[in-house]
Amino acid sequence: MKNLLKAAALPALMALAACTSSSVTEPQPIGPIPTAYQVEWHKLETYAFIHFGLNTYADREWGYGDTETSVFNPTLCDPEQWVRTFKEAGMTGVVLTAKHHDGFCLWPTELTEYCIRNTPYKDGKGDIVGELCEACQKYGLKLGLYLSPWDRNHAAYGTPEYVEYYNKQLEELTTKYGTLFEFWLDGANGGDGYYGGARETRKIDRRNYYNFPNIFAHILNNQPQAIIFTDGGPGCRWVGNERGIASATNWAFIRSQEVYPGYSDFQTLQYGHADGDKWVGAECDVSIRPGWFYHDSENDRVKSPEQLVELYYQSVGHNANFILNVPVNKDGLICKTDSINLVTYHEMIQRQLATDILSSMRPAVSEERGGAYVATALTDDDYDSFWATRDSTLTATIEFNFPTQKVNRMMLQEYIPLGQRVKKFSVEYKSGDEWLPVQLNEETTTIGYKRLLRFPTVETDGLRVNILDARACPCLNHIGAYYGGEGSDIVFVDKGDEFDSVEFTLTEGQDRLVMDLGQTHAVNVLHYLPPKDGKGIITHYELYAGDTPETATKLITKGEFSNIQNNPILQTLRFAPTPARVLVLKATGMVNAGEAPKAERMGVEVFY
């Protein structure tokens, strides 16, 4: 890479750019810009998600709305244990599923009988929302709530009566539990359900049925500081996947007229819209386990600390917030493995970013705006001080020189109250008399609130950041450099779920996948990994067993792969040992109707 500016020329250019403080004005904002509440939300960076409810006991991901409330009895329930764990893991808040799609309410509402009042928990006098609220206040964490618009239990779902009911739920949750930092509105809406015993499929116009503008106004009237989560905001947006990953190119804006709950082009949300007209930062959601609710079968599939570190760099390090789901078990506690891995991951991040090599250093810059907007603002650890160029300057070079040492991490931050500006940048290190690019496996385009870079360790006495293009004069408030320590060169790559499988041949049919195992086995587990290209994904299924495709008529199990479109992870069906040579996975529902079912990978486990 050619040098943009010779190092020797930098002091002279700085002198030419100097001017008196009295003549210097602050850079003008370039829209869209965040609200003050959105800026504070970005600073939270990482927080927890808790999925807990009847699904925990029914071993489901999406409850149908027909599970009896009598099963809910977490005898050791301790929200303080949850909050202490999150605090020790460096998290700043927690969002609780006050009501998921099954309609069961974790607070003692009088609006429905399908709530915690009618459970054995504390003889019907419990209030999980209230207990978590008190724990958050005690330990200094922020509280957020999730209230699913879809309700598979309510008899009036799909009618105006339900919308009125939903707004009454909003009123209760936004007035009884203190200050909320975030309010979550899920995009899953309409489909089959219990609906008061009707057991039918109900379709709604997801864009208009609920009157979302009215819902947003209702929430903000009671909780003006709350950041509202949907596909397209208004406060923050879904990142377009449930893997916890944002793109390295990530604009904090979207074209607001195009994005709405149920937005079909959701994949673009991992990048944002460079020409967007509204500030809606990305939030990366993922679970520490394969599923969102607790399942005994997933106790050996908790994400490792190394996997969580990787997710941190691909979320917070890509200008997004990181919301990590930690499901509560049947006793009402966070499992030991989950807790240990959470805390260990946080300690690893702290070690890797412990010592800022550039702290309090004054870099040489190609230009300073002057006044308060000088180079020392880049390393003074004051969020509200920042370096800037003159209005007409869209490129710049920032150079640090120091005694030779190891470096393999960098942090860059823009001063986002004035907007997101940088469109392209590069980073170089000094090798003798040469400046060489650091080796990265991702593009260096946007920065935003925070950008974290990892690269093979270099021993150097100089680092240089080149701003190559910007929407307006660059305004950066921090640049840091770090050595992550021994072993930090190794970037953990998640190779996905693996399992042992007997040999088989797979045949794809118009509405089914047929597995011939070659001989009869006592099968008790089937694995289905949906295709990576999103085509041919099964949502509802029936599984049959037999000796041939024609005689495979014994129904083993049937059900739904909940949320598989947004969370296309390995699906595992467990059932009583069943003798079979042939298994038929019949698709009774597809993500895209009319497509033939396909699989990225399938397998079975046998009982011995």
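Predicted, not measured: the structure shown is a model, and the values here were computed from it.
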Quiz item: How long is the gap from CG on N319 to OH on Y449, to the nearest 0.5 Å?
Solution: 10.0 Å
Quiz item: Is atom CD of E88 surrounded by more than 12 heavy atoms (other residues, nucleotides or ligands) closer than 6.0 Å?
Solution: no
Quiz prompt | Salt-bridge present (D231, R207; N to O < 4.0 Å) | solution = no
Self-check item: Between Y528 and Y541, ring centroids under 6.0 Å
Solution: no
Quiz prompt | Geometric class of the F52/Y57 ring pair [parallel <30°, tilted 30-60°, perpendicular >60°] | solution = tilted
Quiz item: For residues E61 and N563, is any side-chain donor paired with an opposing acceptor at under 3.5 Å?
Solution: no
Quiz item: Do you see a donor-acceptor pair shorter than 3.5 Å between the side chains of Q352 and S488?
Solution: no
Quiz item: salt bridge (Lys or Arg N to Asp or Glu O under 4.0 Å) between R60 and D66: does it pass, once the steps are laid out?
Solution: CA-CA 12 Å; R60 289 175 168 177; D66 59 353; 3.1 Å; yes
Quiz item: Do Q225 and Q223 have side-chain atoms, one donor and one acceptor, less than 3.5 Å apart?
Solution: yes
Quiz prompt | Cation-pi geometry met for R202 and Y195 (6.0 Å, 45°) | solution = yes
Quiz prompt | Distance-only polar pair, side chains of W251 and Q420, donor-acceptor under 3.5 Å | solution = no
Quiz prompt | Carboxylate-amine/guanidinium proximity below 4.0 Å for R199 and D192 | solution = no
Quiz prompt | E310/R454 salt bridge by N-O under 4.0 Å criterion | solution = yes
Quiz item: Are H318 and E442 linked by a side-chain donor-acceptor pair shorter than 3.5 Å?
Solution: yes
Quiz item: In terms of side-chain geometry, is the basic nitrogen of E508 or K535 positioned less than 4.0 Å from the acidic oxygen of its partner?
Solution: no
